[in-house]
Amino acid sequence: ARALLARYDRLRAEFTGVAETTETVVEGRVVERTGELAVVETVVGRLRALTPPDAETVQVTLRADAVTLHAPEDAPPAGGTSARNRLEGLVEAVEVGEAVGTVTVDVGGVTLAALVTVESVERLGLAAGAPVVATFKATATRAVPR
């Protein structure tokens with residue numbers, strides 16, 4: 001019974017985090033496919049995402065806790081890490097709590113949310129108007145049929 005209650009507490013904490021995490025959603029069209037992954041043409045550029053088979057027109061969803069922000073001069077080169085998706089943009093706003101903040105970034109007219117530590121906000125100098133590079137893995141990017 002204790003093991004079951006402990007598992008329940010872990011699952012509840014995990015799903016609470018999922019329910020409270022901001023998501024960015026963009027529409028697109030599958031232009032290339034390799035197994036479960038597809039390249040989706042969107043208004044912000046091409047994104048690699050986990051995509052159901054036979055889906056052609058999709059909505060791509062990205063959770064804020066899957067996005068990593070970099071100063072442009074420190075950003076890994078395109079294809080330089082396993083985080084293959086890379087978008088350049090300008091910080092729109094920064095909202096910080098005690099330890100964690102949400103940074104919104106304009107990437108080609110779409111607002112992308114990133115969940116970062118307050119330490120990262122300070123270290124990267126994240127403030128409205130600051131240029132940033134957002135990276136995220138294809139496996140953390142989900143597409144569903146539209």
Side-chain angles (χ1 to χ4, degrees), residues 7-146:
R7 173 113 173 102
Y8 169 76
D9 287 341
R10 286 192 305 274
L11 286 172
R12 186 174 57 126
E14 181 178 335
F15 288 122
T16 298
V18 168
E20 295 175 0
T21 300
T22 303
E23 293 181 329
T24 300
V25 179
V26 292
E27 295 188 2
R29 183 178 54 80
V30 173
V31 295
E32 188 179 316
R33 185 182 296 278
T34 305
E36 300 87 355
L37 290 172
V39 175
V40 181
E41 187 70 49
T42 73
V43 296
V44 298
R46 289 185 170 209
L47 301 176
R48 290 178 50 104
L50 287 172
T51 307
D54 302 323
E56 292 183 24
T57 304
V58 296
Q59 288 185 323
V60 179
T61 303
L62 178 64
R63 289 171 32 123
D65 58 356
V67 176
T68 302
L69 297 179
H70 309 270
E73 61 276 7
D74 296 331
T81 71
S82 63
R84 303 273 190 241
N85 290 312
R86 174 188 168 102
L87 298 172
E88 295 181 17
L90 296 175
V91 172
E92 290 182 338
V94 179
E95 294 181 26
V96 294
E98 289 183 41
V100 178
T102 300
V103 179
T104 53
V105 180
D106 179 334
V107 289
V110 171
T111 298
L112 174 71
L115 191 63
V116 299
T117 63
V118 171
E119 178 184 341
S120 291
V121 169
E122 294 167 359
R123 184 174 43 80
L124 294 170
L126 298 174
V132 293
V133 174
T135 60
F136 45 97
K137 295 178 73 156
T139 53
T141 310
R142 309 298 166 115
V144 295
R146 184 172 55 111

The complete set of salt bridge (charged side-chain N to carboxylate O under 4.0 Å, His left out) pairs with one or both residues in residues 134-146, sequence neighbours excluded, reads Glu27-Arg146

Close side-chain approach of Leu112 and Val67, heavy atoms under 4.5 Å: yes

Quick note, side chain to side chain donor-acceptor pair (under 3.5 Å) partners involving residues 95-110, not counting sequence neighbours, are none

- [ ] Return yes if some donor-acceptor pair links the side-chain N/O of Thr117 with the main-chain N/O of Ser120 below 3.5 Å, else return no.
- [x] yes

Pro72 and Pro131 have their tightest heavy-atom pair at CD-O, 3.3 Å

| said: Does Val133 form a side chain to side chain contact (heavy atoms under 4.5 Å, CB included) with Leu69? I'd like the steps, not just the answer. | reply: CA-CA 6 Å; Val133 174; Leu69 297 179; over 6 Å; no

Please determine whether side chain to side chain contact (heavy atoms under 4.5 Å, CB included) holds for the pair Leu87 and Leu47, giving the CA-CA distance in whole Å, both sets of side-chain angles, and the decisive distance to 0.1 Å. CA-CA 9 Å; Leu87 298 172; Leu47 301 176; 4.2 Å; yes

The complete set of side chain to side chain donor-acceptor pair (under 3.5 Å) pairs with one or both residues in residues 36-54, sequence neighbours excluded, reads Glu41-Arg46

Separation between CZ (Arg86) and NE2 (His70), nearest 0.5 Å, reads 8.0 Å

Taking every heavy atom of Ala38 against every heavy atom of Val30, the minimum-distance pair comes out as CB-CG1, 3.9 Å

Practice item. Show your reasoning for whether side chain to side chain contact (heavy atoms under 4.5 Å, CB included) applies to Val121 and Val116. Key: CA-CA 7 Å; Val121 169; Val116 299; 3.6 Å; yes

In this structure, CG of Leu50 is separated from OG1 of Thr61 (nearest 0.5 Å) by 11.5 Å

Closest non-hydrogen atoms of Ala127 and Val91, given as atom of the first, atom of the second and distance, are O-CB, 3.3 Å

Ala71 and Leu124 have their tightest heavy-atom pair at N-CD2, 3.8 Å

Rounding to 0.5 Å, atoms OG1 (Thr22) and CG (Leu62) come to a distance of 11.0 Å

